[in-house]
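Order of the sequence lines fixes the chain letters, A, B, ..., with proteins taken first and strands second; residue numbering starts at 1 for each chain.
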Protein chains: 2
Amino acid sequence: MPVLKEMSVAEITKLLQEAGVSPSIQRIKILQFISVNEKHSSVDKIYQDLVSEIPTLSKTTVYNTLALFVEKKIINSITIDNTEILYEQSQKPHAHFQCNVCNNVIDIDLSSSLYGIKKIENHKVEKVNIHLRGICNECLKNGSMK
Amino acid sequence: MPVLKEMSVAEITKLLQEAGVSPSIQRIKILQFISVNEKHSSVDKIYQDLVSEIPTLSKTTVYNTLALFVEKKIINSITIDNTEILYEQSQKPHAHFQCNVCNNVIDIDLSSSLYGIKKIENHKVEKVNIHLRGICNECLKNGSMK
DNA sequence: ATCATTGCAAACACTTTGCATACGC
DNA sequence: GCGTATGCAAAGTGTTTGCAATGAT
């Protein structure tokens, strides 16, 4: 799991090949953008930045490439609240556990040092969001692995 | 911050009035659904459940009502990964801090008990997602409060 | 009569799909 | 030449907006 930090084209090419991904110019540039320019990259940022260099680039390719990279474990997707879909009652902060099999969301009580935290590394914390994924108790018992 | 647990229509009505929200039948039913039927409710679940009872109900009203409830702090919105927008390099798990002012996402290193956790309350943990929101260091200094 | 609430229809933003074209060994 | 990669256009999904109809006081 190499850390991508201002890697050269040669290094990125090698990394892609080792992951079993053929190193097209689109793939190299997209991975380079993520590793060098932006630690947190959106599809649109990547597209807007690279389309001047590769005028025929399409967003479809960006989507395809990112999905491929996630599948090959070259990058992770992270969840930041974009459009909000789920709602719950006001209650004390807690973690949400979502099962990969049944998709149910289960509240998890935690007494982590995160809770009630007001300040971290000089940033003012207003909301803590913790989201766990995995396989829930019930589904483990049923042996219904995805 | 009352906990809504199988509240009666009368209790919900009172709660809405205390929050300065006039208690229409739509609002009562939506809040009742969240409090009684579903701890984690999506717009669609709410709509599908209530449209049989209130045939003229529209999704717009569900959206409007939920936004109003969040604004009035009657409910919280929670973030579960829906469509993935941001991507980052593979690296050790960490928390993400997103600033309410500049929207930048900043990595937060934490040595919480959550990290490296493999099992919690008998659920198998495959992915830990922690998302903090607030105002970042830089924006606090600039005094550019939203 | 007035003001708030509702809800249809259209617009929107983001993502995925279908398929034809282009590329690389 | 054949299999893979790319990318346009269209469709799909979830949410928001504009505005007219309805409801309450």
Could you tell me whether the side chain of A/Arg27 reaches within less than 4.5 Å of the side chain of A/Ile12, counting heavy atoms only?
-> no
What nucleotide among C/dT6, C/dT15, D/dA5 has an atom nearest to a side-chain atom of A/Tyr63?
-> C/dT15
Map A/Val21 and A/Pro55 onto DNA chain D by nearest heavy atom, then report which one ends up closer to the 5' terminus.
-> A/Val21
Any idea which of C/dT5, D/dT6, D/dG7 is nearest the A/Ser24 side chain?
-> D/dT6
When A/Gln26 is tested against each of A/Leu50, A/Leu57, A/Leu31, A/Val62 for side-chain contact (heavy atoms from CB on, under 4.5 Å), which residue passes?
-> A/Leu57
Take the protein atom OH of A/Tyr47 and the nucleotide atom C1' of C/dT15, then report the distance between them rounded to whole Å.
-> 15 Å
What's the spacing between A/Ile30 CD1 and A/Ser24 OG if we round to 0.5 Å?
-> 7.5 Å
Figure out the CD/P separation between B/Glu71 and C/dA4, and round it to whole Å.
-> 14 Å
Taking the side chain of B/Ser58 as its heavy atoms from C-beta onward, which of C/dT5, D/dT15, C/dC8 lies nearest to it?
-> C/dC8
side-chain N/O B/Gln26 vs C/dG7 OP1/OP2, d < 4.0 Å | yes
Protein-nucleotide distance (A/Ile54, atom CD1; D/dC8, atom C1'), rounded to Å | 17 Å
What's the NZ-C1' distance between B/Lys72 and C/dT5, to the nearest Å?
-> 14 Å
Looking at C/dT6, D/dG7, D/dA5, which one has an atom nearest to any side-chain atom of A/Leu57?
-> D/dG7
D/dG14 P sits how many Å from B/Leu66 CG, rounded?
-> 15 Å
To the nearest 0.5 Å, atom OG1 of B/Thr65 lies from atom CD1 of B/Ile75 at 9.5 Å
Most 5' of A/Asp44 and B/Arg27 on DNA chain C, judged by nearest nucleotide = B/Arg27
Gap between atoms NZ and P, on B/Lys59 and D/dG14 respectively (whole Å) | 7 Å
Given atom CD1 of A/Ile28 and atom P of C/dG24, what is their separation to the nearest angstrom?
-> 11 Å
Rounded to whole angstrom units, what separation is found between the CG atom of A/Asn64 and the P atom of C/dG18?
-> 13 Å
Using a 4.5 Å cut-off on heavy atoms from C-beta on, say whether the side chain of B/Tyr47 contacts that of B/Thr61.
-> no
A/Thr60 has its side chain closest, among D/dG18, C/dG18, C/dT6, to C/dG18
Shortest side-chain distance from B/Ser22, nucleotide among D/dT6, C/dT5, C/dG7 | C/dT5
Contact class for B/Thr61 vs. all strands (heavy atom < 4.0 Å): base, sugar-phosphate, or nothing?
-> base
